[in-house]
Novice: 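Structure provided below as structure tokens; questions to follow.
Because only heavy atoms are used, hydrogens play no part in the values below, and waters and symmetry mates are left out as well, while side chains stay in.
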Amino acid sequence: QVQLVESGGGLVQPGGSLRLSCVASGFPLEYYGVGWFRQAPGKEREGISYISGSGSNSNYAASVKGRFTMSRDNAENTVYLQMNNLRPEDTAVYYCAATRRLHGINGSLRSSPYEYWGQGTQVTVAS
């Protein structure tokens, strides 16, 4: 069964950090690029970061660049999103998604190329 499962969300104070994990099962994640997306209440889903299968290419939205970092451990079929200096506007449900349809980073922050999606993990930044 193909599955992506996110974890690591929670409540954190502004300026704090969280690390999200995305674990894949049922398919070899090393051959897939992985993106992180988020959706806040009343807002459209936003693509925030991407990492290629090898980990050699990445892409970040302006809203998170310099604060968030993706990494991956293909031996563990896992991708991570390290989130530092969190802000209240980062509050959202965070989703990971996987795709083999991308060549390079163009389009990597759009939803359409992605084949598999996780169920999401809630991140709340508040004091």
Novice: Is there a path from Leu18 to Val5 through hydrophobic residues (I, L, V, M, F, W, Y) whose side chains come within less than 4.5 Å of each other?
Specialist: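 No, it is not one cluster - the side chains of Leu18 and Val5 are not joined through contacts under 4.5 Å.
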Novice: Can you see which heavy atom on Phe37 is nearest to which on Ala97, and at what distance?
Specialist: CE1-CB, 4.2 Å
Novice: Can you run down the ring pair (Phe, Tyr, Trp, His ring centres under 6.0 Å) pairs that involve residues 83-108, sequence neighbours left out, and say none if there aren't any?
Specialist: none
Novice: Please report the shortest heavy-atom distance between Ser56 and Ser52, naming the atom on each side.
Specialist: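 In terms of heavy atoms, the two residues are closest at N-OG, 3.3 Å.
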Novice: Going by side-chain contact (heavy atoms from CB on, under 4.5 Å), Val123 matches just one of Leu11, Thr91, Leu20. Which one?
Specialist: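 In the set Leu11, Thr91, Leu20, the residue that makes a side-chain contact (heavy atoms from CB on, under 4.5 Å) with Val123 is Leu20.
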Novice: Determine all donor-acceptor pairs shorter than 3.5 Å in which one atom belongs to a side chain in residues 74-85; sequence neighbours excluded.
Specialist:
from, atom 1, to, atom 2, distance (Å)
Asn74, OD1, Arg72, NE, 2.8
Asn74, OD1, Arg72, NH2, 3.2
Asn74, ND2, Gly53, O, 3.0
Asn77, OD1, Leu29, N, 3.1
Asn77, ND2, Ala24, O, 3.1
Asn77, ND2, Phe27, O, 3.1
Thr78, OG1, Glu76, O, 2.8
Gln82, NE2, Asn84, OD1, 2.9
Asn84, OD1, Ser17, OG, 2.9

Novice: Please list all pairs passing the salt bridge (Lys or Arg N to Asp or Glu O under 4.0 Å) test where one or both residues lie in residues 57-69, with sequence neighbours left out.
Specialist: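 Sorted result for residues 57-69: Arg67-Asp90.
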Novice: Which residues pass the side chain to side chain donor-acceptor pair (under 3.5 Å) test with Ser7, not counting sequence neighbours?
Specialist: none
Novice: Which residue in the set Ile105, Thr69, Ile51 passes side-chain contact (heavy atoms from CB on, under 4.5 Å) when paired with Tyr60?
Specialist: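 Of the listed residues Ile105, Thr69, Ile51, the side-chain contact (heavy atoms from CB on, under 4.5 Å) partner of Tyr60 is Thr69.
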Novice: Side chain to side chain donor-acceptor pair (under 3.5 Å) with Ser108: which residues, sequence neighbours excluded?
Specialist: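 Partners of Ser108 under the side chain to side chain donor-acceptor pair (under 3.5 Å) test: Asn59.
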Novice: For Ser112, which residues count as a side chain to side chain donor-acceptor pair (under 3.5 Å) partner, sequence neighbours excluded?
Specialist: none
Novice: From Glu115 CD over to Arg101 CZ, what is the distance, rounded to the nearest 0.5 angstrom?
Specialist: 4.0 Å
Novice: What are the two closest non-hydrogen atoms of Met70 and Ser49, and how far apart are they?
Specialist: SD-OG, 3.1 Å
Novice: For the residue pair Gly107 and Pro113, what are the closest heavy atoms and their distance?
Specialist: O-CG, 3.6 Å
Novice: Starting from Val23 and following side-chain heavy-atom contacts under 4.5 Å between hydrophobic residues (I, L, V, M, F, W, Y), which residues can be reached?
Specialist: none
Novice: Quick check for you: to the nearest 0.5 Å, what is the distance between Leu86 atom CG and Phe68 atom CZ?
Specialist: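 Atom-to-atom, Leu86:CG and Phe68:CZ are 5.0 Å apart.
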Novice: Show every salt bridge (Lys or Arg N to Asp or Glu O under 4.0 Å) that has at least one partner inside residues 42-59, sequence neighbours left out.
Specialist: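 Every pair satisfying salt bridge (Lys or Arg N to Asp or Glu O under 4.0 Å) with a residue in residues 42-59: Arg38-Glu46.
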Novice: May I have all residue pairs that pass disulfide bond (SG atoms under 2.5 Å apart) and include part of residues 24-68, sequence neighbours excluded?
Specialist: none
Novice: Looking only at heavy atoms, what is the nearest atom pair of Ala92 and Ala40, with distance?
Specialist: CB-N, 3.8 Å
Novice: Sequence neighbours left out, what passes side-chain contact (heavy atoms from CB on, under 4.5 Å) with Ser25? Give chain and number order.
Specialist: Gln3
Novice: In terms of hydrophobic clusters joined by side-chain contacts under 4.5 Å, are Val2 and Tyr32 together?
Specialist: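 In one cluster: yes.
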Novice: Could you pull out the closest heavy-atom pair between Leu4 and Tyr116, with the gap in Å?
Specialist: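 Result for this residue pair: CD1-O, 3.4 Å.
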Novice: Scan residues 117-127 for pairs that pass side-chain hydrogen bond (donor to acceptor under 3.5 Å, both in side chains), counting only residues two or more places apart or in two chains.
Specialist: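 side-chain hydrogen bond (donor to acceptor under 3.5 Å, both in side chains) check on residues 117-127 returns Gln122-Thr124.
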Novice: Under the rule for side chain to side chain donor-acceptor pair (under 3.5 Å), what residues qualify as partners of Tyr114, not counting sequence neighbours?
Specialist: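 Tyr114 satisfies side chain to side chain donor-acceptor pair (under 3.5 Å) with no other residue.
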